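Chain naming here is simple, since letters A, B, ... match the order of the sequence lines and numbering starts at 1 in each. These figures come from a predicted structure and were not determined experimentally.
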There are 2 protein chains.
Amino acid sequence: MATEHLKLENQLCFPVYAVSRLITRAYQPFLDELGITYPQYLALLVLWEKDNVTVNDIRQKLVLNTNTVTPLLKRLETMGLIRRSKSTQDERKVLVELTPEGRALESRAATIPERLVGSLSTTDLSVDEWMDLKAKLDRVLTSLGSQQNPTDLGLD
Amino acid sequence: MATEHLKLENQLCFPVYAVSRLITRAYQPFLDELGITYPQYLALLVLWEKDNVTVNDIRQKLVLNTNTVTPLLKRLETMGLIRRSKSTQDERKVLVELTPEGRALESRAATIPERLVGSLSTTDLSVDEWMDLKAKLDRVLTSLGSQQNPTDLGLD
DNA sequence: ACTATTTAAATCGCGTGCGATATAATTTTC
DNA sequence: GAAAATTATATCGCACGCGATTTAAATAGT
């Protein structure tokens, strides 16, 4: 019983951890062209989809803590890709909006997904298998992620 | 076509990244009891399975770079859990061995997998689904990981 | 109204994670 | 067998990622 559990977890959790880093590495050459990191890319994905959101909106979508998001956004602001400003309705909230430069980056990033699939093609998983993998991970994400914030987590 | 790719990758890569961090968070309360971090736990897993290996052995098993492993091992050494010493055969190599304290930690860690499964039980994935998830991730890990080192990656 | 609680961001400290580079020991090449 | 290439590890700098704490603003409780 305990042995079975032990085997299960040793085999599962490490691959998630390792694959996550390998995927980030796969993105790197494409993101280097834009001068941004993978977490910065994720934050921009959120903003490209819906501009003018709060720090907390981004934090929840990416399942990150404030102390990770705040410095990340400051770097994006220093790069001139976003602007941060206090909300006038609620002065605790900080609104994040894309600059023209940040918006312009979207079209330059448009080819990344396509090229990334090329990098991942050596895995020889079929599209169906990838979809199934994503479906299972989404279920884990929803149940584990909702323990911290019951909000919608979708990046789709 | 390009749109299909875009949807596929936006939906897949982020869940891997988020789930990886959520799993690390799930380990944290158990690892806190031992005073170690998740990457340190992984390094110890390698050593508990096979003692007296080189830095490179650990680096390859964990799919990490030297500049991550070296400081990590130094911290484990400072904690008194391992010892590092130059190989006499090849003085470039550094051999890593468990101290009695490091070896004693294994039995204290023995209940972690079981308890972790409890933390993950809210995901309501069946054992078969977990196994399938792991199988797919292992295929990704093998093909992506082998681009950097053709060695065996198994932690099992 | 006024204090207590909650909420939104920010700050601090520390441990990864990695690109780039350095250093030293071994192996290869000619 | 000496120079060149390779291998094993370490060092440096920077960007996360997060626990813990802080600050300020809004809301709740009385």
Taking only the side-chain heavy atoms of [X] (C-beta and beyond), determine which of [options] contains the nearest atom.
| X | options | value |
| --- | --- | --- |
| A:Thr68 | C:dA9, D:dG17, C:dG17 | D:dG17 |
| A:Asn65 | D:dA10, D:dC18, D:dA26 | D:dC18 |
| A:Thr37 | D:dC16, C:dA25, D:dT9 | D:dC16 |
| B:Arg84 | C:dG17, C:dA9, D:dA10 | D:dA10 |
| A:Asn56 | D:dC16, D:dT9, C:dA8 | C:dA8 |

Starting from [atom2] on [N], measure out to [atom1] on [X] and report it in whole angstrom.
| X | N | atom1 | atom2 | answer |
| --- | --- | --- | --- | --- |
| A:Gln60 | D:dG17 | CD | C1' | 17 Å |
| B:Leu72 | C:dC14 | CG | C1' | 13 Å |
| A:Asp32 | D:dC14 | CG | P | 16 Å |
| B:Tyr17 | D:dC16 | OH | C1' | 7 Å |
| A:Gln89 | D:dA24 | CD | P | 22 Å |
| A:Gln40 | D:dA15 | CD | P | 8 Å |
| A:Asn67 | C:dG15 | CG | P | 16 Å |
| A:Asp57 | C:dA8 | CG | C1' | 11 Å |

> Can you check side chain to side chain contact (heavy atoms under 4.5 Å, CB included) on B:Leu98 and B:Leu81, steps first, answer last?
Replying inline: CA-CA 6 Å; B:Leu98 289 164; B:Leu81 299 175; 5.8 Å; no
Any side-chain N or O of [X] under 4.0 Å from OP1/OP2 of [N]?
| X | N | value |
| --- | --- | --- |
| B:Arg59 | D:dT9 | no |
| A:Thr54 | C:dA9 | yes |
| A:Lys74 | C:dT11 | yes |

> Hey, is the main chain of B:Val16 close enough, under 3.5 Å, to the side chain of B:Ser20 for a donor-acceptor pair?
Replying inline: no
Pick base, sugar-phosphate or nothing for [X], based on heavy-atom distances below 4.0 Å to the nucleic acid.
| X | result |
| --- | --- |
| B:Thr24 | nothing |
| B:Thr66 | base |
| A:Lys86 | nothing |

> What do the steps show when you test A:Thr54 against A:Asp57 for side-chain hydrogen bond (donor to acceptor under 3.5 Å, both in side chains), and what is the final call?
Replying inline: CA-CA 5 Å; A:Thr54 66; A:Asp57 290 331; 3.2 Å; yes
> Got a donor-acceptor pair under 3.5 Å from the side chain of B:Arg92 to the base of D:dT9?
Replying inline: no
>> Check for me, please, whether A:Leu47 and A:Leu95 land in the same ILVMFWY cluster - side-chain distances under 4.5 Å, paths through other members count.
In response: no
> Is the shortest distance from a Lys or Arg side-chain nitrogen in A:Lys86 or A:Glu91 to a carboxylate oxygen in the other one below 4.0 Å?
Replying inline: no
> Taking the nucleotide of DNA chain D with the closest heavy atom to each, which residue, A:Tyr38 or B:Lys93, is nearer the 5' end?
Replying inline: B:Lys93
> Would you say the side chain of A:Arg84 lies within less than 4.5 Å of the side chain of A:Leu73, judging by non-hydrogen atoms?
Replying inline: yes
